[in-house]
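Before any comments, here is the structure.
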Amino acid sequence: MSARAFADVMAAAGFGHEAAATASAAQSKVSGVQASFEAQLAEQRKQFEKMQAVQAELKADEEKLAATVGRLRRKMDESTRALSAAESKRERLKQELVRATAECVEHLKAKEQCTAEIHEATARA
């Protein structure tokens, strides 16, 4: 109801012109407060919607990060297992190299001894 219509109703009900004017002023203030409240409510709604949009974006980023970290952890686990296997193989090959080197030294000594014996046998003959 407009302020003018409210004042007319008050005057028709037998309230004086002053009462109608006071009531009309009060009605105007209430209308102004209500309009201000509705404007603030609309602004708060906009801010809430913005916050929800940011929250949704953050959730999507968190999900993407979790997927990326999960994939990288699996890759790290695979790399760690492969590294461990390669280090074990390297250690085994080092030990095999030491054994083969020792075997070569033994065969070289045997060859040198045989060569010396052959020279000695041909020198006597």
Side-chain angles (χ1 to χ4, degrees):
M1 175 182 291
S2 73
R4 175 77 179 137
F6 186 74
D8 289 343
V9 169
M10 292 291 288
F15 292 101
H17 184 62
E18 266 183 46
T22 303
S24 177
Q27 182 70 18
S28 292
K29 283 184 180 180
V30 167
S31 295
V33 169
Q34 185 175 0
S36 174
F37 175 76
E38 287 176 4
Q40 287 178 354
L41 184 62
E43 181 62 31
Q44 292 297 320
R45 197 172 286 130
K46 284 181 189 177
Q47 288 180 359
F48 180 72
E49 289 171 357
K50 285 180 183 178
M51 287 173 51
Q52 283 183 321
V54 169
Q55 184 179 22
E57 186 178 333
L58 287 173
K59 185 176 180 180
D61 288 347
E62 284 178 11
E63 289 172 354
K64 189 185 292 185
L65 176 64
T68 300
V69 168
R71 182 177 46 79
L72 291 172
R73 281 187 179 149
R74 286 188 297 277
K75 189 175 180 179
M76 173 78 93
D77 289 344
E78 290 171 10
S79 295
T80 300
R81 282 191 295 276
L83 177 62
S84 180
E87 286 175 341
S88 294
K89 183 177 180 179
R90 180 178 64 185
E91 189 60 35
R92 182 179 47 81
L93 289 173
K94 278 183 182 179
Q95 291 172 0
E96 189 176 331
L97 178 62
V98 168
R99 284 191 300 270
T101 301
E103 189 178 334
C104 285
V105 169
E106 285 179 35
H107 291 303
L108 185 60
K109 285 180 185 178
K111 179 183 171 189
E112 288 173 354
Q113 186 177 359
C114 284
T115 302
E117 288 176 8
I118 289 172
H119 283 292
E120 195 176 304
T122 52
R124 281 191 240 151

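Along the sequence shown, residues carry numbers from 1.
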Legend entry - Which residues share a side-chain contact (heavy atoms from CB on, under 4.5 Å) with Glu120, sequence neighbours left out: Arg124

Inset, instruction - Quick one: list whatever passes side-chain hydrogen bond (donor to acceptor under 3.5 Å, both in side chains) with Arg74, sequence neighbours left out. - result: none

Atom pairs and distances, side-chain donor-acceptor, residues 39-65, under 3.5 Å, sequence neighbours left out:
none

Inset, instruction - Sequence neighbours left out, what passes side-chain hydrogen bond (donor to acceptor under 3.5 Å, both in side chains) with Glu38? Give chain and number order. - result: Gln34

Atom pairs and distances, side-chain donor-acceptor, residues 92-119, under 3.5 Å, sequence neighbours left out:
| from | atom 1 | to | atom 2 | distance (Å) |
| --- | --- | --- | --- | --- |
| Thr101 | OG1 | Leu97 | O | 2.8 |
| Gln113 | NE2 | Glu117 | OE2 | 3.4 |
| Thr115 | OG1 | Lys111 | O | 2.8 |

Inset, instruction - Output the distance between atom CZ (Arg73) and atom OG1 (Thr68), rounded to the nearest 0.5 Å. - result: 11.5 Å

